[in-house]
Amino acid sequence: MSEHIATLPARRPRVSRRRVTVGVAAVAAAFAAWWIVSALGLVNGARFPTPLTTWQAAVQLSRDSGYAGGTLFQHIGHSLRLVFLGFLVAICTGVPLGLLMGFSKRIDALVGPVFSLLRPIPPLAWIPLAILWLGLGDPAKIFLIWVSSFTPAVINTYAGVRNIDPTLIEAARVHGAGSPLRMLREVLVPGAMPMIFTGLRLSLQTAWMTLVAAELIGAFIGLGKVLDTAALDIRPGMILYAMVWVGLLGAVMTRGLEWIEKRALPWLR
């Protein structure tokens, strides 16, 4: 289960101005190199996106006619909705299951083997069953996003509970936190919270990766639909523009999750 587990530092260093400057300079240099390579005709514009074709794609998606069945904001809104719903279901199911498995050896012994058998199955392998069960609509895509996001949430929550000092648990029992519900609320959840948020960040990343793959099959609208249609139309500029939006939206949602984490865990700032 180690591939889904990440460790958190005790304290996160603040982003320095020098680091920001270096990052901006690196992006500017990459864009300049892209522009020069395209201007000199060193690559085939029909296969490799150029600044001009990417700009044309941006203009087309911004118009009312749009592309691939919708405008930019329609595609973004639909993809965000799918990711949010699938991610929300993963939180509501994966985190409680990880807490129960970490707290109860009986539940771990009962559920652990089944979870270990299902965990290695790639999320995209569920596509045929998702279509068979739920059709080609949004429920099938939400199901696939849930499947992919569920595993990191469970594993990291489980690891967070297991890493709590047993002495702390015994001390809580001595001081009156003997009931399972009170132990869960006052000891296990606060103690496992850093690893829970780590799992949620990993879950969010896999949610976006699965969304694009799910929307490539049977989607009527969404950023994945834009990518699929642009590939069929051989429009590398449109492909790149849609990819940029996927990256931006994923980064914004990740930053929002980090903002919530900093307020929930102020000692990690």
Side-chain angles (χ1 to χ4, degrees), residues 45-50 52-94 118 121-153 200 202-257:
R47 300 292 178 182
F48 188 84
T50 64
L52 178 59
T53 58
T54 305
W55 172 253
Q56 291 171 345
V59 172
Q60 181 176 355
L61 267 178
S62 301
R63 293 174 179 171
D64 293 338
S65 57
Y67 180 76
T71 63
L72 174 63
F73 292 108
Q74 289 173 335
H75 290 302
I76 288 177
H78 188 263
S79 294
L80 280 174
R81 174 177 169 271
L82 294 180
V83 169
F84 178 78
L85 291 176
F87 181 59
L88 181 62
V89 176
I91 293 175
C92 295
T93 56
L118 296 177
I121 301 176
L124 300 186
W126 290 90
I127 288 179
L129 281 178
I131 294 175
L132 182 63
W133 292 341
L134 303 170
L136 294 174
D138 291 346
K141 297 171 180 59
I142 294 172
F143 171 78
L144 292 172
I145 294 171
W146 168 74
V147 168
S148 66
S149 305
F150 177 74
T151 300
L200 295 184
L202 294 174
S203 295
L204 186 58
Q205 294 173 8
T206 58
W208 275 103
M209 290 188 291
T210 306
L211 167 81
V212 173
E215 285 187 335
L216 290 175
I217 302 174
F220 300 102
I221 195 172
L223 292 173
K225 176 64 175 178
V226 175
L227 290 169
D228 184 40
T229 305
L232 295 175
D233 294 341
I234 314 179
R235 296 194 58 182
M238 186 68 73
I239 293 174
L240 177 61
Y241 188 62
M243 289 172 59
V244 168
W245 273 106
V246 170
L248 286 175
L249 294 172
V252 169
M253 290 188 69
T254 300
R255 291 294 294 177
L257 189 60

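Here, residue 1 is the first one in the sequence, and each next residue gets the next number. Owing to the predicted nature of the structure, the values given are computational and were not obtained by experimental measurement.
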Identify, with sequence neighbours excluded, every residue that meets side chain to side chain donor-acceptor pair (under 3.5 Å) alongside Ser62.
none
Which atom of Phe143 lies closest to which atom of Ala130, heavy atoms considered:
CD2-CB, 3.8 Å
How long is the straight-line distance from CG of Leu80 back to CZ of Phe87, given to the nearest 0.5 Å?
13.0 Å
Evaluate side-chain contact (heavy atoms from CB on, under 4.5 Å) for Trp245 paired with Val226, printing each intermediate quantity in order.
CA-CA 11 Å; Trp245 273 106; Val226 175; over 6 Å; no
Roughly how far, to the nearest 0.5 Å, is the CG atom of Leu248 from the CE atom of Met253?
13.5 Å
What's the shortest heavy-atom distance between Ser203 and Ser149, and which atoms?
OG-O, 2.7 Å
Going from CG on Asp138 to CZ on Phe220, what distance comes out if it is rounded to the nearest 0.5 angstrom?
9.5 Å
Could you tell me which non-hydrogen atom of Ile221 sits nearest to which non-hydrogen atom of Gly69, and how far apart they are?
CD1-O, 4.1 Å
Compile the donor-acceptor pairs under 3.5 Å between side chains in residues 209-219 and protein atoms, sequence neighbours left out, one pair per line.
residue	atom	partner	partner atom	Å
Thr210	OG1	Ser148	OG	2.9
Thr210	OG1	Thr206	O	2.8
Glu215	OE1	Ser79	OG	3.3
Glu215	OE1	Leu223	N	3.3
Glu215	OE1	Gly224	N	2.7
Glu215	OE2	Ser79	OG	3.3

Correct closest heavy-atom pair for Gly86 and Ile145 would be CA-CG2, 3.8 Å
Go through the steps to decide whether Tyr241 and Thr53 satisfy the test side-chain contact (heavy atoms from CB on, under 4.5 Å), and finish with yes or no.
CA-CA 9 Å; Tyr241 188 62; Thr53 58; over 6 Å; no
For Leu227 against Met243, the heavy-atom pair lying closest together:
CD2-CG, 3.8 Å
Kindly assign one of parallel, tilted or perpendicular to the pair Trp126 and Trp133, based on the angle between their ring planes and the thresholds 30° and 60°.
tilted
About how many Å separate CG of Leu144 and CG of Leu124, when rounded to the nearest 0.5 Å?
7.5 Å
To the closest 0.5 Å, what do you measure between CG (Leu118) and OG1 (Thr151)?
8.5 Å
My understanding is that only residues two or more places apart in sequence, or in another chain, count here; which of them pass side chain to side chain donor-acceptor pair (under 3.5 Å) with Asp228?
none
Can you tell me how far CG of Leu204 sits from OG1 of Thr254, rounded to the nearest 0.5 angstrom?
4.5 Å
Heavy-atom closest pair (Leu200 atom, Ile91 atom, distance to 0.1 Å) is CD2-CG1, 3.6 Å
Check whether any side-chain N or O of His75 sits under 3.5 Å from a backbone N or O of Tyr67 as a donor-acceptor pair, and report yes or no.
yes
